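I have placed the structure first, in the form of structure tokens, so that the comments after it can refer back to it.
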Number of protein chains: 2
Amino acid sequence: MIAEYDTPKVDPASKDLLGAVDRSPSLTDKVYEKLRQGLLRGVWSPGEKLTARKLSRDLGVSLTPAREAIMRLVNEGALDVSEKRTFRTVDLNCEQYSEVMRIRSALEPIAVELATPLFAEEEIKRLIELNEQMKEMISQERFNDSLQIDSEFHLLICDRAEQPLMRSIIDTLWLRAGPTRNRLSYSYRKRLIGYENHKRIIAAIQLRDAAAAAAAVKRDLSEGAAIIVAVLTEDERDN
Amino acid sequence: MIAEYDTPKVDPASKDLLGAVDRSPSLTDKVYEKLRQGLLRGVWSPGEKLTARKLSRDLGVSLTPAREAIMRLVNEGALDVSEKRTFRTVDLNCEQYSEVMRIRSALEPIAVELATPLFAEEEIKRLIELNEQMKEMISQERFNDSLQIDSEFHLLICDRAEQPLMRSIIDTLWLRAGPTRNRLSYSYRKRLIGYENHKRIIAAIQLRDAAAAAAAVKRDLSEGAAIIVAVLTEDERDN
DNA sequence: TTATGTCATTTGTTATATCATATTTCAATA
DNA sequence: TATTGAAATATGATATAACAAATGACATAA
């Protein structure tokens, strides 16, 4: 009878009907989500300082949830805490960026391999749509937007793989690289390599050829990484 | 002149001499570390409830650092927060455990590949030592200790790869699987598969054969995973 | 005995207070 | 003008307080 506490007696039918109450996210969660979005969208430039107090003032919450959200991002490596204990967005150097890409290259091919048989036709259409949007953004020189769409494309594939842990790891990788990526977008310009590679990925998924899809993802990532690393290397030589 | 704030004027030589001040870790850091160790050593059984207040009382700190540390572990997936917002250690089911191993299998071979040329002779000796200790622990049926040593073995390799981000990801994987692993240790018993596989890994490193080392790690992980998954499957059928 | 309703306690969440350290300001001085 | 240094301010870390939701204990009714 003790176990009854964990599974209170409820008529299965009504339980199904009611479903679980959707507890509203805590303030910490909301602040965290805002920070996340901001980081991905390039609201802060890499290396920019953040303070818990300003954040709490800006968002109209107390210090606690603001601070908790920041700490959470710090823990994920999306924010740095300097030796003086101030918070700033990360600015990846070439080596650090390479490591992010090395890990993505290890994980995302597996994700697409698992995802390939699970994709529904309409989801594939969505991939095509996203890729065309990306092309459009690039042609309009809206590079930050194109990066945004690129991330959506890759994350949609990861979602389909139904590997929640892997997905969360890849999420934090994007978050970590976000500001640096955004800084680069103007140097990165006008490259349609991503577009062509994405087309290859889509084609492989349509043929339900998991191995080919994995190879295409790997190629997309390594070519993309090569460009960014080149830009970063140049940057580091410059200053 | 504005930029001066980011890089205070310090004679580079003296900077090198002094090094950064080693700011003592915060209370949050200390609590976090205690929790971490506890999780790895099986202080809490999987699914056990934790409360921030009890933790703060036990460790003689206020609620804030205790809570922050818990939230940090939640964020890493080492603790769960239930729908009722209570904290408990994770209890991975077979599928979740498999996902952890799938990710380890993707990352650790890369790590050992990068580490192989960087290993010093004495570090290889340390690997041998650890492996023999593990064998000893198993023969004494001290399974939890043997798991502890197994983790040291793998993490030492990851350290040598000098990929800090990858290392931190693998760290969280261990943390996540820790309680479940510890619960299993008695079913897991007397398997010397790990020992033999570790010997293969060491041999490959000694020969500086990175590819062979990667293959050996992959084999170690997949055979280890197979056993645990078998036990977990049985468990899930039982209850 | 078992189910149910009430009330005290515990817990997570958020806000606020306190303290030590960092940073900034700005006037006095060389 | 450039430097210095003390006072004012801002900030992160920690503690405590306040509140609502969840839990547990217990008395009462079936």
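Sequence lines set the chain letters: A, B, ... in the order given, protein chains first and strands last, and positions in each chain run from 1. Keep in mind it's a predicted model, so treat the numbers as computed, not measured. FYI, side chains are in, hydrogens and waters are out, and symmetry mates aren't considered; it's all heavy atoms of this structure.
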Atom CD of B:E68 to atom C1' of C:dG12: distance rounded to whole Å?
-> 14 Å
In whole angstrom, give the distance that lies between atom CG of A:L27 and atom P of D:dA20.
-> 14 Å
Can you check the B:L79 CG to C:dG12 C1' distance for me, whole Å?
-> 14 Å
Name the nucleic acid region contacted by A:L55, choosing base, sugar-phosphate or nothing; use a 4.0 angstrom heavy-atom cut-off, strictly under.
-> nothing
Ion pair A:R167/A:E162, N-O distance below 4.0 Å = no
Presence of B:S26 side-chain N/O under 4.0 Å of D:dG12 phosphate oxygens OP1/OP2 = no
Where the side chain of A:K84 is defined as all heavy atoms beyond and including C-beta, which of D:dT23, C:dG12, C:dA22 is the nearest nucleotide?
-> C:dA22
Should A:R67 be listed as having a side-chain N or O under 4.0 Å from OP1 or OP2 of D:dA13?
-> yes
Provide, to the nearest angstrom, the distance between the CZ atom belonging to A:F87 and the P atom belonging to C:dT21.
-> 17 Å
Contact class for A:T64 (heavy atom, under 4.0 Å): base, sugar-phosphate, or nothing?
-> base
Between B:K54 and C:dT11, does any side-chain N or O lie under 4.0 Å from OP1 or OP2?
-> no
Picking from C:dT13, C:dA15, C:dT23, which would you name as closest to the side chain of A:S62?
-> C:dA15
Round to a whole Å and report the spacing from CD of A:E83 to P of C:dT23.
-> 8 Å
In whole angstrom, what separates A:R72's CZ from C:dT13's P?
-> 10 Å
DNA chain C: 5'-proximal contact among B:R53 and A:P65 (nearest heavy atom) = B:R53
Between D:dT23, C:dT16, C:dT14, which nucleotide has the shortest distance from any of its atoms to the side chain of A:L63?
-> C:dT16
Starting from C1' on C:dA22, measure out to CZ on A:R85 and report it in whole angstrom.
-> 13 Å
Once you round it to whole Å, what is the distance between C1' of D:dG12 and CZ of A:R88?
-> 14 Å
Looking at every strand, decide which applies to A:T51 at a 4.0 Å heavy-atom threshold: base, sugar-phosphate, or nothing.
-> sugar-phosphate
Give the nucleotide from the list C:dG12, D:dA13, D:dA15 with an atom nearest to the side chain of A:M71.
-> D:dA13
May I ask you to say what A:V61 touches in the nucleic acid, namely base, sugar-phosphate or nothing, with a heavy-atom cut-off under 4.0 Å?
-> sugar-phosphate
Any side-chain heavy-atom pair from B:L221 and B:V217 closer than 4.5 angstrom?
-> yes
Salt-bridge present (B:R126, B:E123; N to O < 4.0 Å) | no
Salt-bridge present (B:R181, B:D150; N to O < 4.0 Å) | yes
Minimum-distance pair of heavy atoms, taken over all atoms of A:V90 and A:L79 = CG1-C, 4.0 Å
